[in-house]
There are 2 protein chains.
Amino acid sequence: MRALAVEDDPRIAADLAAALDAAGFRTETCADGQEAWFLGDTEAYDLIVLDLGLPGMDGLSVLKRWRAAGCETPVLILTARGSWQERVEGIEAGADDYLPKPFRMEELVARARALVRRSAGRGGALQEAGPLTLDTNRMTVALRGVPVAVTAQEYRLLAYLVLHRDRVIAPTELLEHLYGDDDAREVNALEAVIARLRRKLGAGVIETRRGFGYALEGLTP
Amino acid sequence: MRALAVEDDPRIAADLAAALDAAGFRTETCADGQEAWFLGDTEAYDLIVLDLGLPGMDGLSVLKRWRAAGCETPVLILTARGSWQERVEGIEAGADDYLPKPFRMEELVARARALVRRSAGRGGALQEAGPLTLDTNRMTVALRGVPVAVTAQEYRLLAYLVLHRDRVIAPTELLEHLYGDDDAREVNALEAVIARLRRKLGAGVIETRRGFGYALEGLTP
DNA sequence: TGCGACCTGACAGCAAGCTGACAGCACCCG
DNA sequence: CGGGTGCTGTCAGCTTGCTGTCAGGTCGCA
């Protein structure tokens, strides 16, 4: 974890760095707004601690510029105690959290950890298997990068195959999964779906293992 | 956006609900820890405001149980002023933010909004998605820069779609978040709102993914 | 060659979704 | 208090296009 502490008071800056380092961060410090903006924009930090009172450029402006530039690093701002307008302003500008000064280092560390934990909890929605890419968020399918329109049923079938791309799936298993136990269908319904999919994806993508079931392209027999 | 306010003082609870409702939330209240735990565990909220001093079950225990049960709803806790141990404890227990009592309703609302945005991994108060711009402070909508007048319900629906713009949203999910569990509506109510929105925004902005749900104008067909 | 497993084009049924009309209701304003 | 106004859910009728079925074909294997 790499952190940036933007703080003009050298003593506080040192304390910040020490506390964050003790918490497992690799912390760099910076005392000037202009430089902070440059660093935040060019370097890849996991967390930025930003003091609002700064020489060079106002902390709030720095924050707004980062957000405007598409920087999504979690930012924790330090504000003067009691000025709730400033906090609200900071949050509106895109801060993820604030801490009123003076504060306990324990609290800073707790919040910093929580912030990083939270920002890390996304991604992984793209499932790839051979030439196929499934976006499980948008429910879309791409073949060699080219989007392919599929229906709900087709998507469900593909998703199941992709999820179990390392083995052969028996027709009965697919039937069980695609249709509830209460509205079971015949095998032919499945074959129809597969035929339609093959027409869209090309013949080779879904392979038939005669007598066993179906598998995605590239699985060795 | 659906919110739960857990607060035993009925006056404060009413104030909370009023402020959050004015900010575009559908707020339910609850005065008891046990009940709060049950609600948070079973219902789908976008935000929970939790007072730590509660009858029935201690607020911190409620929070811990939620987290232990895998509930990831952002939680904003209300603490007594000055007790920083309590705050740290709260954050360690999985709270996403805290507010010391007494507080300004403006600040609560600002933090609530920020929390909801952050939980979806997004920054500022201006939410952009394709041709749409939502100002979550003023609760206004613009299409390609041109302001569009929308009703409260329409705004809520759009806000939810914009917040989760990278996903397809199932009708049931929208129903859950637009209406409380106690005044549930039929799917058709939703379709009516969407039809009215499309008349204002044009046909392409809200896409229908037949069999899955709705999504904002995206890249893939 | 024969049999069973599997494929596929056509088609109809049907459910998902859309829309215009309407009525209940909350709210606003005189 | 009372009428007007605008929001919103319900209803009914409609469109759309997904999807299972069927019938007939092809393929692989013994």
Side-chain angles (χ1 to χ4, degrees), chain A residues 139-141 148-161 168-215 217 221, chain B residues 17-18 21-22 24 26 139-141 148-161 168-216 221:
Chain A
M139 313 283 195
T140 55
V141 177
V148 177
V150 297
T151 71
Q153 197 72 306
E154 289 163 4
Y155 178 86
R156 273 183 226 116
L157 196 152
L158 260 191
Y160 197 81
L161 287 184
V168 177
I169 315 289
T172 54
E173 188 181 339
L174 277 173
L175 280 178
E176 265 178 30
H177 187 261
L178 283 189
Y179 310 94
D181 218 33
D182 30 349
D183 72 336
R185 291 296 138 93
E186 301 179 33
V187 198
N188 195 251
L190 190 70
E191 297 169 345
V193 179
I194 290 191
R196 285 194 268 263
L197 262 176
R198 291 213 247 241
R199 202 178 315 164
K200 292 180 181 178
L201 301 176
V205 177
I206 302 178
E207 290 175 1
T208 302
R209 296 298 163 83
R210 200 182 175 83
F212 294 105
Y214 299 92
E217 177 184 22
Chain B
D21 280 347
R26 285 275 192 203
M139 296 203 271
T140 56
V141 177
V148 177
V150 296
T151 70
Q153 194 71 313
E154 289 164 3
Y155 176 83
R156 275 185 220 114
L157 196 151
L158 263 190
Y160 196 84
L161 286 183
V168 174
I169 315 289
T172 54
E173 186 180 339
L174 276 173
L175 281 178
E176 264 182 27
H177 287 260
L178 284 189
Y179 310 95
D181 205 45
D182 28 350
D183 70 338
R185 291 299 135 94
E186 300 180 34
V187 198
N188 196 260
L190 192 70
E191 296 168 345
V193 179
I194 288 190
R196 286 194 266 263
L197 262 176
R198 290 213 247 241
R199 205 172 311 161
K200 293 181 181 178
L201 301 176
V205 177
I206 302 178
E207 289 176 2
T208 303
R209 294 294 228 288
R210 183 175 262 256
F212 290 115
Y214 298 93
L216 287 181

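In what follows, chains carry the letters A, B, and so on, assigned in the order in which the sequence lines appear, proteins first and then strands, with residues in each chain numbered from 1. Keep in mind it's a predicted model, so treat the numbers as computed, not measured.
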Can you tell me how far [atom2] of [N] sits from [atom1] of [X], to the nearest Å?
X: A:Phe212; N: C:dC6; atom1: CZ; atom2: P; value: 11 Å
X: A:Leu197; N: D:dG20; atom1: CG; atom2: P; value: 12 Å
X: B:Leu190; N: C:dA16; atom1: CG; atom2: P; value: 14 Å
X: A:Glu186; N: D:dA23; atom1: CD; atom2: P; value: 12 Å
X: B:Arg26; N: D:dT8; atom1: CZ; atom2: P; value: 8 Å
X: A:Glu191; N: D:dT26; atom1: CD; atom2: C1'; value: 13 Å
X: B:Lys200; N: D:dG6; atom1: NZ; atom2: P; value: 12 Å
X: A:Ile206; N: C:dT8; atom1: CD1; atom2: P; value: 11 Å

Should the side chain of [X] and the base of [N] be counted as holding a donor-acceptor pair, with the cut-off at 3.5 Å?
X: B:Arg196; N: D:dG9; result: yes
X: B:Arg185; N: D:dT10; result: no
X: B:Asn188; N: D:dC11; result: yes

Could you grab the distance from atom [atom1] of [X] to atom [atom2] of [Y], nearest 0.5 Å is fine?
X: A:Asn188; Y: A:Leu175; atom1: CG; atom2: CG; result: 10.5 Å
X: B:Leu158; Y: B:Met139; atom1: CG; atom2: CE; result: 13.5 Å
X: A:Lys200; Y: A:Glu154; atom1: NZ; atom2: CD; result: 3.5 Å
X: B:Arg156; Y: B:Leu174; atom1: CZ; atom2: CG; result: 13.0 Å

Residue-phosphate contact under 4.0 Å: A:Thr151 side-chain N/O, D:dG17 OP1/OP2: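 No, A:Thr151 has no side-chain N/O under 4.0 Å of OP1/OP2 on D:dG17.
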- prompt: OP1 or OP2 of C:dG17 less than 4.0 angstrom from a side-chain nitrogen or oxygen of B:Tyr214, does that happen here?
  reply: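 So the side-chain polar atoms of B:Tyr214 never come under 4.0 Å of the phosphate oxygens OP1 or OP2 of C:dG17.
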message: Regarding A:Val193, tell me which of base, sugar-phosphate or nothing describes its non-hydrogen contacts under 4.0 Å with the strands shown.
response: sugar-phosphate
query: How far apart are the closest heavy atoms of A:Val168 and A:Ala215, and which atoms are they?
result: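 A:Val168 and A:Ala215 have their closest heavy atoms at CG2-CB, 4.1 Å.
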task: Of all the heavy-atom pairs spanning A:Pro171 and A:Val187, show the shortest one and how long it is.
output: CB-CG1, 4.2 Å
Is the shortest side-chain heavy-atom distance between [X] and [Y] below 4.5 Å?
X: B:Leu157; Y: B:Leu190; value: yes
X: A:Val193; Y: A:Arg185; value: no
X: A:Leu178; Y: A:Tyr160; value: no

Which protein N or O atoms sit under 3.5 Å from an N or O of nucleotides 1-3 of chain C?
none

field: Nearest listed nucleotide, side chain of A:Ala195, among C:dA15, C:dT8, D:dG20
entry: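 The answer is C:dT8, which lies nearest to the side chain.
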- request: Select from B:Ala184 and A:Ala189 the residue whose nearest nucleotide in DNA chain D is closer to the 5' end of that strand.
  value: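 Nearer the 5' end of the strand: B:Ala184.
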Mutual orientation of the aromatic rings belonging to B:Phe212 and A:Tyr155 [parallel < 30°, tilted 30-60°, perpendicular > 60°]: perpendicular
message: Nearest heavy atom decides the nucleotide; on that basis, is B:Arg199 or B:Gly213 closer to the 5' end of DNA chain C?
response: B:Gly213
- request: Measure the angle between the two terminal helix axes of the helix from C:dT1-D:dA30 to C:dG30-D:dC1, five base pairs each, and quote it to 10°.
  value: 30°
message: I'd like to know if the side chain of A:Glu191 pairs up with that of A:Tyr214 as donor and acceptor (distance under 3.5 Å, no hydrogens or angles considered).
response: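 No - no donor-acceptor pair under 3.5 Å links their side chains.
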- request: Would you confirm whether B:Arg26, through its side chain, and B:Tyr179, through its main-chain N or O, come within 3.5 Å as a donor-acceptor pair?
  value: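 Side chain of B:Arg26 to backbone of B:Tyr179: no pair is present.
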task: Kindly state which residues belonging to residues 153-161 of chain A come within less than 4.0 angstrom of DNA chain D, counting heavy atoms of the residue only, listed by number.
output: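 A:Gln153, in order of number.
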